[in-house]
Amino acid sequence: MHPTDRPRRLRTDGVRPLVSETSLSAADLVAPVFVDATTDERVPIETMPGHERVPVDEAVDRVEEILETGVEAVIFFGIPESKDAEGARAYADDGVVQRAIRRVDAETDAYVIGDVCLCEYTDHGHCGVIEPSAETDPTLTVKNDETLDLLAETAVSQADAGADMVAPSAMTDGQVRAIREALDAAGHEDVALMSYAVKYESAFYGPFRDAADGAPAFGDRRHYQMDPANRREALREARIDAEEGADVLMVKPGLPYLDIVADLRREFDHPIAAYNVSGEYAMIHAAAEKGWLDLTETAHESLLSIKRAGADLIVTYFAEDLAERL
Ligand code: PBG
């Protein structure tokens with residue numbers, strides 16, 4: 001018996017690159033950067049090996065290190081000097097992220113993205129303003145409409161500082177429109193908006209919450225982030241954000257949600273982003289540390305899979321390591 005179809009013919013070294021369907025390049029990657037107002041030296045993030053919180057004074061150096069690998073875009077997260085109920089340091093002109101962006105914009109060629117959320121800045125750790133009774137009644141968490149202005153103010157202050165793109169991640173209904181209108185009114189028509197349109201309430205964010213000190217003090221985020229059981233709802237979320245003016249639609253997390261990335265790719269002509277989150281990074285690192293997985297190979301395959309599913313760009317803690325190899 002001879003098979004008529006022999007796909008193996010196209011797997012030799014010479015022809016493999018010619019028929020390869022997906023490619024990964026440093027230009028597809030966005031590297032997260034954590035700037036910390038509470039320290040004047042770099043602090044390693046234990047749950048995310050290789051990553052550090054850096055003081056504002058080191059933000060430019062940190063970004064230069066990333067640029068040297070070939071990665072051209074960074075997304076900023078902040079750890080403020082103080083927190084309060086309304087997250088005031090998120091939208092302060094001299095906030096930690098605003099100060100870092102100002103310098104990085106002035107001194108580097110990086111494409112600068114600001115993460116727009118309140119959870120790192122509120123003392124209760126939720127992504128917006130909360131009901132006074134939320135602590136005792138967990139069904140009352142974030143007040144949606146009261147949060148919109150604060151997110152818009154945060155986005156405008158980041159744009160004022162020089163951000164090229166803002167990325168709202170609070171899962172507040174109406175946030176894309178509120179931010180787009182505020183940016184335009186402030187003369188920032190050219191600042192792009194990447195929406196964390198489809199963000200699930202995921203256990204894979206654990207290491208990030210340590211890194212950015214943004215775990216909720218009580219309750220969880222299930223009243224505003226999406227239920228991992230839901231697939232159709234993702235299209236509804238994405239449609240709303242597309243209509244409200246998002247330039248890029250993001251799915252988060254990445255690997256456990258490749259079906260969602262593929263759905264969005266099929267339904268929309270917008271660029272699709274995926275966030276390869278902290279837990280996806282930490283679990284590969286942990287297994288590699290035990291000698292059970294090869295770090296670089298597994299990381300590369302993960303990101304390739306996310307691209308194969310349809311993502312155009314990937315926010316990933318592996319950005320620098322992989323770019324160096326690509
Ligand atoms: C802020 C935000 C979070 C992440 C990105 N932006 C935390 C959260 O929603 O709990 C998580 C990123 C990661 O896990 O890598 N809302």
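Counting convention: from 1, in listed order, for ligands and their atoms alike.
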| Does ligand 1 have an atom that lies less than 4.0 angstrom from a heavy atom of Q225? | yes
| task | Just jot down the ligand 1 atoms closer than 4.0 angstrom to any heavy atom of V277, in number order. | result | 13 (C), 14 (O), 15 (O)
| remark: Taking only non-hydrogen atoms of K252 and a 4.0 Å limit, the atoms of ligand 1 in range are 2 (C), 3 (C), 4 (C), 5 (C), 6 (N), 11 (C), 12 (C)
| Polar-atom distance check: E120 versus ligand 1, any N or O pair below 3.5 Å? | no
| task | In plain terms, say whether D312 and R265 are close enough for a salt bridge, that is, a side-chain N and a carboxylate O under 4.0 Å apart. | result | yes
| request: Number the atoms of ligand 1 from 1 as they appear, then name those within less than 4.0 Å of a heavy atom of Y275, with their elements. | output: 12 (C), 15 (O)
| remark: Taking only non-hydrogen atoms of C119 and a 4.0 Å limit, the atoms of ligand 1 in range are 1 (C), 16 (N)
| field | E233 with R236: basic N within carboxylate O range, under 4.0 Å | value | no
| request: For side chain to side chain contact (heavy atoms under 4.5 Å, CB included), just list the numbers for D321 and R325, CA-CA rounded to whole Å, side-chain angles, deciding distance to a tenth of an Å, and then say yes or no. | output: CA-CA 7 Å; D321 288 348; R325 171 195 144 122; over 6 Å; no
| request: Give the numbers and elements of all ligand 1 atoms closer than 4.0 Å to a heavy atom of K199. | output: 1 (C), 2 (C), 3 (C), 6 (N), 8 (C), 9 (O), 16 (N)
| message | I'd like to know if E65 and R42 make a salt bridge, using a cut-off of under 4.0 Å between side-chain N and carboxylate O. | response | yes
| query | In the protein, what heavy atom is nearest to atom 14 (O) of ligand 1, and what distance, to one decimal place, separates them? | reply | S278 OG, 2.7 Å
| said: Strictly below 4.0 Å, N to O, side chains only: are D93 and R99 in salt-bridge contact? | reply: no
| field | K252 to Y205, cation-pi by 6.0 Å centre distance and 45° axis angle | value | yes
| message | Distance under 4.0 Å to a non-hydrogen atom of Y317: what atoms of ligand 1 satisfy this? | response | 12 (C), 13 (C), 15 (O)
| query | Is there a heavy atom of R221 sitting under 4.0 angstrom from any atom of ligand 1? | reply | yes
| query | Which atoms of ligand 1 sit under 4.0 Å from any heavy atom of D115? | reply | 6 (N)
| query | Any ion pair linking R103 and D57 (charged N to carboxylate O, less than 4.0 Å)? | reply | yes
| task | With heavy atoms of F77 as the reference, note each atom of ligand 1 found under 4.0 Å away. | result | 5 (C), 6 (N)
| Lys/Arg N to Asp/Glu carboxylate O, R308 vs E21, below 4.0 Å | no
